[in-house]
Amino acid sequence: MLNKLSTGKYLKLEDVYLYGLLANKANYSERHTIVGLTLNWFCTCMGADQTDKSRRTIKSRLERIESLGLIKIGRNYSPGKWEPYYYEVIQPTKEYELVNTDFFYLKGISPAAKGLALLLSVFAFRGNNSINYSDKELAKRCHISLNTFKKYKAELTDSGLLNGSILSATFFPIIVNNKPLKDKIAELRLFTGSQRMQKQLDWFESIFLEKEPS
């Protein structure tokens, strides 16, 4: 799930993946806030060793993401002790997509390549996931060199996430205002009498689907 950034503000590929990872976890919280994630947890997700150097690098990346207004990092104090850090993801008001959770935990793919896949999902056509831009144009839009783009594009191709100019629909299938998703929610409402489930569906709709124009 990617927020559009203002001109001149962009993330490195590894940071795009890190932000996407946080945004994905925040979807399971009504306040879009995750508590208790350690720097060692981030290191594992980034495929890095749990060393002081890796932890400092992760901390620096998170602060960079925060400086762009994409997340808020905080820590509450209760009598006698500091609480764990929390990460609040600042949700975009519209035009964002859901990504299959399994994508973030795929093995054998670098964080940079995953970051590129997330960026490519922004440019993919919302019908067949095709990307109708040249490599040169995509590299420019992703703020990376053409050689860097080709390197990670090859990694995505080898992993099956990219087939020519078609991005895998396995991991990038659900789009905001998506009719099949609306139909599925309507179906679930018909077959559940649970008030708790109805409230969960209400929350899901309020977070993931745009309101119909009045």
Handout entry: I71 side chain near Y19 side chain, heavy-atom distance below 4.5 Å
Key =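 Sidechains of Y19 and I71: in contact.
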Handout entry: T170 side chain reached by D102 side chain, heavy atoms, under 4.5 Å
Key = no
Tell me, please, which residues at least two apart from [X] pass ring pair (Phe, Tyr, Trp, His ring centres under 6.0 Å).
X    : answer
Y105 : none
Y85  : none
F42  : Y87

For [X], which residues count as a side-chain hydrogen bond (donor to acceptor under 3.5 Å, both in side chains) partner, sequence neighbours excluded?
X    : value
E14  : none
S54  : T51
K151 : none
S145 : T148

Handout entry: Transitive ILVMFWY cluster of W82, excluding itself - 4.5 Å side-chain cut-off
Key =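 Direct or chained contacts put W82 with Y77.
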By the salt bridge (charged side-chain N to carboxylate O under 4.0 Å, His left out) test, which pairs, at least two apart or in different chains, include something from [range]?
range            : result
residues 153-166 : D135-K153
residues 139-149 : E137-R141
residues 41-55   : D52-R55

Contact summary for [X] and [Y], nearest pair of heavy atoms:
X    : Y    : value
A26  : V89  : CB-CG2, 3.6 Å
L22  : I34  : O-CD1, 3.6 Å
L13  : A112 : CB-O, 3.5 Å
F149 : A139 : CB-CB, 3.8 Å

Exercise for the section: Look at the side-chain heavy atoms of Ile, Leu, Val, Met, Phe, Trp and Tyr, link any pair under 4.5 Å apart, and say whether I166 and L120 land in one connected group. Expected result: no
Problem - R196 atom CZ, over 12 foreign heavy atoms within 6.0 Å - result: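 Not buried by this count: 12 neighbours or fewer within 6.0 Å.
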Exercise for the section: Keeping the roles fixed (side chain from Y152, backbone from G115), state whether a donor-acceptor pair exists under 3.5 Å. Expected result: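 No: the side chain of Y152 does not pair with the backbone of G115.
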Handout entry: Expected output: side-chain E83 to main-chain R75 donor-acceptor under 3.5 Å
Key =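 No: the side chain of E83 does not pair with the backbone of R75.
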Handout entry: Set of side-chain contact (heavy atoms from CB on, under 4.5 Å) partners for L188, sequence neighbours left out
Key =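 Partners of L188 under the side-chain contact (heavy atoms from CB on, under 4.5 Å) test: K184, L201.
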Exercise for the section: Check L106, V16, L119, L156 against K114 for a side-chain contact (heavy atoms from CB on, under 4.5 Å) and give me the one that passes. Expected result: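 Running side-chain contact (heavy atoms from CB on, under 4.5 Å) over L106, V16, L119, L156 with K114 returns exactly one hit, L106.
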